[in-house]
Protein chains: 2
Amino acid sequence: MRDESGSGETDWLSGTEQAAWRALLDSTRMLFAALDRQLAADSDLTLTDYDILVRLSEAPNNRLRMRELADLTLSTRSGVTRAVTRAEQAGWVRRVECEEDRRGMNAELTEAGRAKLAASAPGHVRAVREMLIEQLTAEQLGQLTEIGRRVQDKITLK
Amino acid sequence: MRDESGSGETDWLSGTEQAAWRALLDSTRMLFAALDRQLAADSDLTLTDYDILVRLSEAPNNRLRMRELADLTLSTRSGVTRAVTRAEQAGWVRRVECEEDRRGMNAELTEAGRAKLAASAPGHVRAVREMLIEQLTAEQLGQLTEIGRRVQDKITLK
DNA sequence: CGATATTAGTTGACGGCGCAATGACCTCGG
DNA sequence: CCGAGGTCATTGCGCCGTCAACTAATATCG
């Protein structure tokens, strides 16, 4: 199956390249699954839910347009609609109509949402620290950031 | 919200730690989504489907127990049952009963499955190379492997 | 100004996946 | 040899997410 001779032939991954790719694939799958489990068990939250609470808590006035939320969480508009609906039913978020664009909707963090985030953040951060941060040297930490940025840029510009 | 004073207080992520974590989170999400799109568009495959074909193609006799397949793909038994059913309906895989354990099932790659893999692999590999491998220095490649291993070990041993 | 294209958000249909329960089978200690 | 407990694969159920279609509002351009 491997053939380096022709001009349009496939440039297969070398052993070390494949090792890196699979290590990334497997470790991130495990990491996300583990974090999801931790959040579900300790706080009855999804990583998605948590992400939404965080983004809103960081936004000016604790509110964001649905579209912005979709962009920030790398999700789709419909995904955000449903996630915000769930969060709204749980009381963590409230929908506020947009003044300057009558099509628009803002999701706004409620007091209960802030409290929920405050209650779940320590456990989540602890998990991220244990499973990821503590496994890295300072140099690796920087390189991970750099790698992530480059991959994001590459994909964005395609 | 931040408070370093007490004994049981939360050890928040520093700026660089958070940057690394978010870079990893976002870049891998984008990467997986982009690879899924590429496979779907060019080969009408999921990354999961592709992974199953690869694992079977690497196994002795092109067959694996359902349990082994679940372990290798970091999925659940039920997930594998459904994925194999889909692959079977597409003609890429055949179920073969297990000789030495009458509970057991083997998933076996068919000729059509091998052909499907051969047809889709080049495009997939090209995408992985463009989006990930080419963005890395040789050193980063090695560190990514190392980081992935450590994260996997940490989570496995919990 | 008015027609057309674009954008925001929602919804219905659909698919993938995990959990828990199930039935068949294996294993091992007494 | 038998029964308790574990394992294998499957399935029903429900959740979550995407795609495509839709409505409403805005932007653009002749």
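Numbers restart at 1 for each chain; the letters A, B, ... are given by sequence-line order, proteins then strands.
Listed by residue number, there are no residues of residues 21-39 of chain B with a heavy-atom contact under 4.0 Å to DNA chain D.
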Going 5' to 3' through nucleotides 9-17 of chain D and flagging B where a protein heavy-atom sits under 4.0 Å of the base, S where only the sugar-phosphate is that close, and - otherwise, we get BBBBB--SS
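T85(A) and R95(A) share a donor-acceptor pair across their side chains, judged by distance under 3.5 Å alone.
Considering every non-hydrogen atom in both S57(A) and N62(A), the closest pair reads O-OD1, 3.3 Å.
Checked for salt-bridge contact, R29(B) and D51(A) meet the test: a charged N lies under 4.0 Å from a carboxylate O. D11(B) has no carboxylate O lying under 4.0 Å from a charged side-chain N of R126(A), or vice versa, which leaves the two without a salt bridge. With respect to R129(B) and E17(A), a salt bridge is recorded, a charged nitrogen being found less than 4.0 Å from a carboxylate O. Electrostatic pairing of R114(A) and E58(A) does not count as a salt bridge here, judged by no charged N lying under 4.0 Å from a carboxylate O. The existence of a salt bridge linking K116(A) and D49(A) is excluded, since no basic side-chain nitrogen approaches an acidic carboxylate oxygen closer than 4.0 Å. Ion pairing of K154(B) with E130(A) is absent here, as no side-chain N (NZ or NE/NH1/NH2) approaches a carboxylate O to less than 4.0 Å.
Per the geometry, CD belonging to E99(A) stands 12 Å off P belonging to dT26(D), to the nearest Å. For D71(A) and dT7(C), the CG to C1' distance is 12 Å, given to the nearest whole Å. With rounding to whole Å, D101(A) atom CG is found 17 Å from dT6(C) atom P. What separates CD of E100(B) from P of dC25(C) is a distance of 15 Å, to the nearest Å.
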